Amino acid sequence: MICPYCQTQAEFISSKDFYGTNYRTNLYVCRPCDARVGTHGRGKTPLGTMANAELRELRKLCHARFDVRWKFGKVSRYIASVFLHVIFTLVRTNIAFNAPLRPITFVH
Ligand SMILES: [Zn+2]
């Protein structure tokens with residue numbers, strides 16, 4: 001897997017070697033960018049796209065906001081997941097075009 005930030009080959013490593021704990025998964029890691037993505041189980045298929053610390057934090061914020069909504073029945077989990085997909089796509093598009101990341105404002 002190529003790191004989307006620096007375009008170099010990511011390191012393939014077990015969770016035990018990376019975290020020191022065996023989560024029975026692997027990771028693709030780019031240490032200079034602090035970017036990583038886990039895999040499905042012990043395989044090589046990534047769970048998604050590599051994320052650096054900033055994008056991981058954005059993903060956590062998105063999950064925190066939307067998990068509350070679907071867990072309390074404001075929207076269905078499906079609609080919340082579609083919305084998250086759109087947001088992640090926008091963030092990836094910003095990265096792909098090398099544009100600065102802008103804060104995302106949520107409408108309540
Ligand atoms: Zn990188």
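Remember, it's 1-based here, ligands and their atoms both numbered in the order they're listed. Basis for what follows: all heavy atoms, side chains included, without hydrogens, waters or symmetry-related copies. Predicted model only: the values in this text are computed from it and were never measured.
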Polar side-chain atom of Tyr28 near backbone of Pro46 as donor-acceptor pair, under 3.5 Å: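 Not at all, since once roles are kept as given, no pair shorter than 3.5 Å links the two residues.
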Pair Met1-Thr39, side-chain contact (heavy atoms from CB on, under 4.5 Å): steps then yes or no: CA-CA 12 Å; Met1 173 174 281; Thr39 62; over 6 Å; no
Report all side-chain donor-acceptor pairs from residues 20-27 shorter than 3.5 Å, counting only partners two or more places apart or in another chain.
| unit_1 | atom_1 | unit_2 | atom_2 | d |
| --- | --- | --- | --- | --- |
| Asn22 | OD1 | Arg24 | N | 2.8 |
| Asn26 | ND2 | Arg42 | O | 2.7 |
| Asn26 | ND2 | Gly43 | O | 3.2 |

Tally of protein N, O or S atoms, where distance to the Zn ion (ligand 1) is under 2.8 Å: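 Step by step: take the Zn ion (ligand 1), keep protein N, O, S below 2.8 Å, and you get 4.
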Which residues share a side-chain contact (heavy atoms from CB on, under 4.5 Å) with Ser81, sequence neighbours left out: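 side-chain contact (heavy atoms from CB on, under 4.5 Å) check on Ser81 returns Tyr78.
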Minimal non-hydrogen separation, Arg56 against Ala51, with atom names: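 Arg56 and Ala51 have their closest heavy atoms at NH1-O, 2.8 Å.
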Fellow cluster residues of Val68, listed by chain then number, with links counted only when side-chain atoms sit under 4.5 Å apart: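 Cluster partners of Val68: Phe72.
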